[in-house]
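The structure under discussion appears below in the form of structure tokens.
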Amino acid sequence: MSAATNHRIRTAYHIATYSLFFMAVAHFAFVRRESTTDGLISSTIAVLIAMTCAYDAAVLGRPWAMGERFAFAIVWPVALPIYIIRSRGWWGCALLLIHAAALSLVACAIGTAAVLSQGVGR
């Protein structure tokens, strides 16, 4: 595939991962109980993150073997920061902080909205 195609696919996986994360946080904030879909959502997020990193590596010109994707999906909380720092250098640290801050702010905003919506209905 061309670099532009890999870039578009990586962006699509990135958007899908963030969207699913936001929906999962909103579901947990408003429903406030465990659901049978929680395991499915977390597994899907892991696969989406692995595929995002696989296409990111292809964009950078270092494609992964197919077997690496499965292993990455299993250990992604540890492997993701290592991959980003290794592939991007010190700029990877800044990217990790930017993504962590963005995800934290959105989670806090959704949590605040959930708390405020419960107070309005009473």
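No hydrogens, no waters, no symmetry mates; every other heavy atom, side chains included, goes into these values.
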Flag the pair Ile49 / Phe72 as yes when at least one side-chain heavy-atom distance between them is below 4.5 Å, and no otherwise. yes
Rounding to 0.5 Å, atoms CG (Leu20) and CD1 (Ile15) come to a distance of 13.5 Å
Spell out, as yes or no, whether a donor-acceptor pair under 3.5 Å connects the side chain of Ser42 to the backbone of Gly39. yes
Evaluate the side-chain proximity of Tyr83 to Asp56: yes if any heavy-atom separation is below 4.5 Å, no if none is. yes
Go through it in stages, so that I can follow the logic: the residues are Thr5 and Arg8, the test is side-chain contact (heavy atoms from CB on, under 4.5 Å), and I'd like the CA-CA distance, side-chain angles, deciding distance and then a yes or no. CA-CA 5 Å; Thr5 303; Arg8 282 194 301 272; 3.5 Å; yes
Path from Tyr55 to Val47 over hydrophobic side-chain contacts below 4.5 Å: yes
Heavy-atom pair of closest approach, residues Leu96 and Ile84: CD2-CD1, 3.6 Å
Once rounded to the nearest 0.5 Å, what's the spacing between atom CG of Leu105 and atom OG1 of Thr112? 10.5 Å
Output for pair (Ser19 OG, His14 NE2), nearest 0.5 Å, gives 10.5 Å
What is the distance from atom CD1 of Ile9 to atom CE of Met51, rounded to the nearest 0.5 Å? 8.5 Å
Tell me the closest heavy-atom pair linking Ser87 and Arg62, and the distance in Å. O-NH2, 3.6 Å
Smallest separation among heavy atoms of Trp64 and Ala50, with atom names: CZ3-O, 3.9 Å
side-chain contact (heavy atoms from CB on, under 4.5 Å) for Arg88 and Leu60? Distances and angles first, verdict last. CA-CA 10 Å; Arg88 300 277 196 277; Leu60 295 176; 2.9 Å; yes
Should we count OH of Tyr18 as having more than 12 external heavy atoms under 6.0 Å? yes
Nearest 0.5 Å, please: how far is CZ in Phe22 from OG1 in Thr17? 10.5 Å
Minimal heavy-atom distance between Ala114 and Ala29, with the atoms involved, is CB-O, 3.5 Å
Mind checking the CE-CD1 spacing from Met23 to Ile45? Nearest 0.5 Å is all I need. 9.0 Å
To check you understand the geometry: which heavy-atom pair defines the closest contact between Val25 and Ala107, and what is its length? CG1-CA, 4.0 Å
Cluster overlap Ile41 with Ile74, hydrophobic side-chain contacts below 4.5 Å: no
